[in-house]
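Quick caveat: nothing in here was measured; it's all calculated off a predicted structure. A, B, ... follow the sequence lines: proteins, then strands. Residue 1 opens every chain.
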Amino acid sequence: MNVKPDFSKGHNLAETAPAFLSVWNMEAYYGESYIVQNISFNVHEGEILALLGRNGAGKTSTLRSIARMDNPQVTKGEIWLDHQPLHKMKSYEAAQAGIGLVPEDRSIIPGLTVEENLQLAQIAPPVGWSLDRLYDLFPRLGERRKQEGVTLSGGEQQMLAIARALARDIKVLLLDEPYEGLAPVIVDEIEKTLRIIKEQGITTILVEQNAVRALELADRSVILDTGSVVFDGSAKEVLSNAELRAEYLAI
Amino acid sequence: MGILEVKNVNKRFGGLKALSEVNLSIAENSVHAIIGPNGAGKSTLLNVLVGKLIPDTGSVLFDGQSVLGRTPYEINQMGISRVFQTPEIFGDLSVMENMMIACFAKRDGAFTMQAIGSMMKERDIVEKAEQMLDSMNLADKRGMHSASMSRGDKRRLEIAMCLAQEPRLLLLDEPTAGMARADTNNTIDLLKKIKQDRDITIAIIEHDMHVVFSLAERITVLAQGTPLVEDTPENIKGHPKVREAYLGETQVAA
Amino acid sequence: MDAIILQILNGLDKGSAYALIALGLTLIFGTLGVVNFAHGALFMIGAFCAVTLSKLFNLSFETLDPTKKDFLGNPLKVKTPYVQEWFGPDVGAWLIDWSVPLAILFSIPIMVAIGFVMERGLIKHFYKRPHADQILVTFGLAIVLQEIIKSNFGANPVPTPAPEVFRGSFDFGVLLGFDPNVIIYPYWRMVYFAFAAVIIGGVFAFLQFTTFGMVVRAGMADRATVGLLGINIDKRFTIMFGLAAAVAGLAGVMYAPINSPNYHMGMDFLVLSFVVVVVGGMGSLPGAVAAGFLLGILESFASMNEVKSVIPGIDQIIIYLVAIVILLARPRGLMGRKGVMED
Amino acid sequence: FTNEPTGGTVTLGFNVPQSGPYADEGADELRAFELAVEHLNGEGGGGMMNTFSSKALKGNGIMGKKVQYVTGDTQTKSDAARASAKSMIEKDGAIMISGGSSSGVAVAVQGLCQEAGVIFMAGLTHSNDTTGKDKKANGFRHFFNAYMSAAALAPVLEKLYGTDRQAYHLTADYTWGWTQQESIQAATEAMGWKTVNNVLTPLAQTDFSSYIAPVINSGADVLVLNHYGGNMVNSLTNAVQFGLREKQVNGKNFEIVVPLYSELMAKGAGQNIKGIVGSQNWDWKLEDDGTKAFVKAFGEKYGFPPSQAAQTCYAQTLLYADAVERAGSFNPCAVGEALAGYEFDGLGNGPTLYRADDHQCFKDVLVVRGAENPQDEFHLVEIVEVTPVEQVTYDPEHPMFAGGNLGECNPGA
Amino acid sequence: MLGLNRKDTAILLVVAALAIFAPIILNLFPARSELAFFNAGYPDLMQRFVIFGIFAIGFNILFGLTGYLSFGHAAFLGVGSYAAVWMFKLLNYNVVPAILLSIVVAGLFSVVIGWISLRRSGIYFSILTLAFAEMSYRLAYSVLTPLTNGETGLQVYTDDPQVLMQAGGHIVPHLFGLEMRAREVIDVGPWQFVFPVGYYLCAILMLVSFYISIRIFRSPFGLMLRAIKSNQTRMTYTGLNPKPYTLAAFVISGMYAGLAGGLLASMDPLAGAERMQWTASGEVVIMTILGGAGTLIGPILGAGTIKYLENVFSKMNEGLLHKWFAFLPDWVESPVIWVVSKFTGEGWHLMLGGLFMLVIIALPGGLVEGGQRIMRLFGRKPKAETRTSTEPAE
Ligand SMILES: Nc1ncnc2c1ncn2[C@@H]1O[C@H](COP(=O)(O)OP(=O)(O)OP(=O)(O)O)[C@@H](O)[C@H]1O
Ligand SMILES: Nc1ncnc2c1ncn2[C@@H]1O[C@H](COP(=O)(O)OP(=O)(O)OP(=O)(O)O)[C@@H](O)[C@H]1O
Ligand SMILES: [Mg+2]
Ligand SMILES: [Mg+2]
């Protein structure tokens, strides 16, 4: 197992952070319930990190905390992205700093067409891929550009959500179960896309139930259980460690 | 003659033909999977079956009776229950209350006026609700505010609610999406068990081929609003067109 | 015929008042989803901006005129407005005469500021609260604002005339080939109509030709996600509120010469404006405007003797009757968007 | 009897509109009540007590008991007014209730006082019904009524505008509006005017344009606005906007008449009131001694002259106190008896009679007109004529007043 | 007890005790003291407390459980009152037929209005109910005057038929001879307590209404109503038809309103049209929210608070303030009075508006939440009252 990241150098993570994105001693609550329980991990620039764990382990909550959403509320800890203190930001500031989240429920905005959903992502700087380029990647969205986003089929919505994240110039892509509800062929497509994204130098955190698939793609993996990190190491290590797989991933 | 007979159903959304000339027959007491690419019209077809959408043309017979023109709750009372693609539960209520509502609906029908009846007297309802929660591994969450459960739990609750209604036809729209592997397996087992214990027909939409091939007795592949093929799982697995349009290269083992 | 044309004019005029108020309300209520019972109060404050400016221009110093007596038999105090003293009698008189149009300029910063303060200080905390809580808090605010105006200006209406040149009426009939004096219409009401058209056009243009409207709509549907896309939605909501307050205020300023402002005029218009917005359909600006004009015109026709003699009391209830019919015929009013305030 | 004062004090209840459109009127009434209490208790200059023909009041309270008062808000709603009056009677032990600024409230509270067994001295209420079909033995009205307005106005209108006129009525669609319209129509038709139309307008109306517009081509040359308060201010403003005041019809100047006037309405209507004729119960510019004394006392205390509502409430308070003194008892029945058929002078408007048959006051009525060039904000209206009391007196069984029953006085439990 | 669990029984008993001893509790201050001003224990106000309590309890069944916000409930109160007064006019002053008819008539009215309005939801529903109520109000004020006596309000005249009236019969509302306005006055030292008959009739009916409301909250029916509020889609796909449930809730709350209206008329036989105005509908909405929508006891608290302010603060005039603050030196007294007078007497609306804002900002759950916080301060942890838990008994 990998050595836990060393934070002993003190508070000034801006200078000392060993990684591109650092989460340090983060705690978060939904109202009174303590969900994210003192989590620390690092992500290096350009890598894909698979964040795994059972239902309710706190994966979504961790991603939402990093994206600085109102819920859950982070009460303690620090989050640094490329020397910027995310933990001091609101969600829109974090987004401008380079965080892009694809939420698990996709959060397509009702009342807006496919195209408007994408345009919306390009209002605030920094802007990423052009609409044309996105439609090239997802031709299906190009065909449906005038349709109201929420009437898309489940899989189409997933494509839209990913496209929307790419429409912004992001440094870190947070993907919450991107394969869910997608036809196997499309999953292959998306996986290819993720590799393309990786080639562009974008860092990715991938949450996925299909652990094997995720681990095959990922460089490293963090496993959560009831709100705490139980493993932090290379993806291969998980694949080869049957005990770990059985206990936390049921595979 | 199947328990569900869909004949020549068409549905358009503006210029888009979401369903065209769909014919489908589901045999009683079978597990029938509907698969197909994203946007093929699978959920739309379910919407037609439960009365959420009215088809432009065609007919839908459940047990010989037409479901068209009936409201969703009437269709449900006929014996069709549905699990949605994104969980629909009573978020403001506790898990137990969610279950009890489903049990009441089963016992008392679409409307009864028990305005001052006491819930404490409804032993049978309470017992049944608890039993269902147990079977779905939700017992320890019975008092929980259901909106604040994780999504996998919400989905399990919704399945439990539908099962509590003891439907003759259960429609599942991607029931295991987002579920951890272990729970997916549990769900498969549960569905199998229910299938054994009582007469029930299950129609399932799923992109997880593991689930599909573990459960389905017959599979219909839908593409661009039309059934491409209908066959046994074995034949579907090997069908070249299906592999090309849907399964892709990697996904066979699962 | 002339009677009908007159009533159409009346309807358009009433309609423009309704449409303007409903426009401002729908920005907050239909777009931001906040049930704002204080909107009428904003309208009222707008009208009192006109009153205040005219009072300011009329601020006077007193000199004693021993030839006349006041009501207690003491020498009469004669008042001369400062503006007349400072700028000469002509300019001073002109300022006083033109105080209502000038109040437009005066009111915009005030109303925008009120809108900002209201949103930042109060409404902000209520976006996620149930509508009922919004009702209670904005209703409380409306009462407070109303009472503040009452304690400063009294309960009685305060006459606030239009400039002299707009006081007469215009012979409209002659234009259409009628005899003189058959269809005449007050100048100021025509000004109001034109003003409403400009404001409505301006707001539409702002929301249509910029992405602002889309962003706010999106923000209302799903604040969190819009934030994820790097957009500071709070700021835009605040601007939207300021805009709505300004629209309400301007509607009030211009309304002052039509009917003397009083402290409860906001409440008088409140229910009506909600009805207009809902009949127009939640979330639809064109709907609100269309419903405003529709109800204005129908109300005018319902008050015709020919109609009243057939159905007594129809003018009392026409607005509500039409509202019921429209809402039953069309689930979301004239042009409502799906899912806005339907739960 | 109910609420017999026991200690050294007696409590009166002043129930006035403090919220809603008539709040200013209510505030003025309250000022007058406070002034009256001051005078009754021997503070201040004594005001009209000095000019009042009865000398029973000594400035030592009422029957030696110091006068206290409680106030409440009628909200100009009959329900709220009754609730407020009840609290005065049940909780504070008020033995007399006075005030109010509309007929609906007056009738409702009068009915309540009758049931509860206290005296009601009506404030501003102008409907014929208050002392007509809704009259009560325990209730007394000092204000004039719609019939009297019409009777006073008709001769003046004849003099000013001639007998050949076509009148168009706009009427507030509720009881007071109807009685007002009925009265003025009868009086003007009696002198030869024709009634072209009578249009009922909703109470909640704020913009009257769609009711005014049809007047233009109706052939009418007089517009009668049977409106009060905000309705009147708006309908008059709208009528002037439509150029009715400058209009010529049938070769005559178009005229607007507002049967019931008040200073506050004149103020609200601003310049639109110029030259418009109407009637008033009282005006501070009257020259009699009572008026002068009252205006002086009020003006010195508050800095502006009193309104007719204020004068009514002040007079009502003194009248009640005086009746108690004369009766030698607070018993409502004794007080009622002392008031019924009582003739007095010195409270403004000259000699006055509280008629026993219906408890309506009879005195001179003023016809007034909006001043063309007011010297200050207190001179917005000028007195055109003081119509003598004989001309406005009517038979108690007059059809517009018939149907009621004074009933027995009720002293309460 | 009575088919209620322990907690609900406790709530019911507390409310019952408060209602029974209200004449004492509300007259906390000796009758002749300065503070007697703040007493609320006189018949009319006590009756209003419980009557508007009934109104708000009923409203809460609809709004608190289903989330359907009716803005026209005052119409049912109004027709209830009219129905009751008409019974007085036609039969005699016995309150029993009056109250029964007022419930029935309001029930019929609400069936019609509810049946139409419930075709829409959300704000569209609110506006439909508002439209019906405003139409009723406006017609009652003008065109329907023969039926309603318009502006003045419907009242009983001596020449009314009153067919059941015997010579020398009661000429005020009574319950089989027991006059509503009869009262027992008891002096205890400097205190004075009034025990009015009418109040106790209202209080008993309020307790019955409250009991029924608890039962509804805890019944399967109540569960269904909360399900409607939570997710109508799930409801229909669970085979339940939301419409009859909401309609039943609507009619029940309409009948509560009718009962309140009938009682108002029975305590004071006059029915004014303003009872149906939108402001009156708004008032019950505000009572419910102020107290705590969806809680059992909240509506009663809200109704009491608003009626208390309306009747007590509006009576606080400057004369009184001068008396109270006379102990202050003049230069302090004047500014203090100036400030206080803005919130009392003719400024009492300012107090009301300010209170609404304050309560809802500081206590999102209304007064009930305030009560819970106080309880927590005292160390006891009461379970969140009734808002969610309908756990069946173990
Ligand atoms: N809005 C909320 N309020 C309260 N608790 C919540 C809320 N959302 C989630 N939780 C709780 O937080 C815990 C972690 O949830 P989270 O959604 O982060 O899990 P997850 O790992 O993403 O699970 P899944 O695989 O099911 O998506 C769960 O126990 C859940 O019940
Ligand atoms: N209300 C609607 N308006 C317009 N188009 C719609 C609507 N509902 C669905 N569609 C379109 O119809 C097509 C079929 O959608 P459907 O949801 O049935 O797909 P699906 O087979 O369930 O796909 P998935 O597996 O991705 O859930 C899609 O292209 C979708 O965009
Ligand atoms: Mg998750
Ligand atoms: Mg689907």
Side-chain angles (χ1 to χ4, degrees), chain B residues 50-52 71-84 87-94 96-98 100-123 125-127 129-130 142-143 145-147 157-158 161-162 164-165 167 171, chain E residues 1-6 8-9 61 64-67 208-209 211-249 251-253 255-256 294 383-384 387-394:
Chain B
V50 297
K52 190 174 181 188
T71 58
Y73 71 87
E74 284 168 342
I75 294 173
N76 179 284
Q77 292 282 333
M78 289 167 77
I80 304 182
S81 284
R82 169 178 186 182
V83 176
F84 283 80
E88 293 272 5
I89 51 172
F90 301 111
D92 296 340
L93 308 185
S94 71
M96 182 66 184
E97 285 169 338
N98 269 276
M100 288 175 65
I101 288 174
C103 298
F104 276 121
K106 170 68 191 164
R107 193 190 71 185
D108 302 334
F111 172 71
T112 44
M113 188 76 187
Q114 305 170 52
I116 53 176
S118 168
M119 209 103 76
M120 299 179 218
K121 304 239 168 69
E122 312 284 353
R123 286 262 158 238
I125 297 281
V126 173
E127 263 163 37
E130 264 167 3
R142 72 198 282 282
H145 184 225
S146 61
L157 173 61
E158 197 183 7
M161 286 168 72
C162 285
Q165 289 208 277
L171 305 174
Chain E
M1 196 180 87
L2 293 170
L4 301 182
N5 65 25
R6 288 236 320 271
D8 292 340
T9 313
I61 292 176
L65 288 178
T66 68
V208 173
S209 313
Y211 170 72
I212 294 176
S213 131
I214 301 181
R215 290 295 300 258
I216 289 177
F217 266 63
R218 301 293 181 240
S219 69
F221 175 71
L223 179 63
M224 295 304 171
L225 296 183
R226 288 190 294 133
I228 287 172
K229 182 177 182 174
S230 180
N231 188 343
Q232 285 216 27
T233 310
R234 190 17 85 201
M235 180 116 184
T236 45
Y237 291 103
T238 308
L240 294 162
N241 183 0
K243 181 88 187 265
Y245 284 105
T246 36
L247 184 59
V251 174
I252 291 173
S253 71
M255 288 162 74
Y256 269 73
K383 272 220 174 134
R387 197 173 281 274
T388 47
S389 60
T390 323
E391 285 289 289
E394 276 68 24

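Heavy atoms of B:Ile89 lying under 4.5 Å from chain E belong exclusively to its backbone. For a residue to count as touching a neighbouring chain, one of its non-hydrogen atoms must lie under 4.5 Å from one of that chain's; by this rule E:Ile214 does not touch chain B. Both the backbone and the side chain of B:Lys52 come within less than 4.5 Å of a heavy atom in chain E. In this structure, chain E has heavy atoms under 4.5 Å from both the backbone and the side chain of B:Thr112.
Most heavy-atom pairs under 4.5 Å with chain E: of the set B:Pro72, B:Gly51, B:Cys162, this distinction falls to B:Pro72.
With B:Asn98 contributing its side chain and B:Ser94 its backbone, the two residues share a donor-acceptor pair below 3.5 Å.
Side-chain contact between B:Asn76 and E:Thr236: absent, with no pair of heavy atoms (C-beta onward) separated by less than 4.5 Å.
The salt bridge (Lys or Arg N to Asp or Glu O under 4.0 Å) test applied to B:Glu88 returns no partner, not counting sequence neighbours.
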Subject >> salt bridge (charged side-chain N to carboxylate O under 4.0 Å, His left out) between B:Asp92 and E:Lys229, worked out >> reply: CA-CA 8 Å; B:Asp92 296 340; E:Lys229 182 177 182 174; over 6 Å; no
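Listed by first and then second residue, the salt bridge (charged side-chain N to carboxylate O under 4.0 Å, His left out) pairs that reach into residues 230-239 of chain E are B:Glu158-E:Arg234, sequence neighbours excluded.
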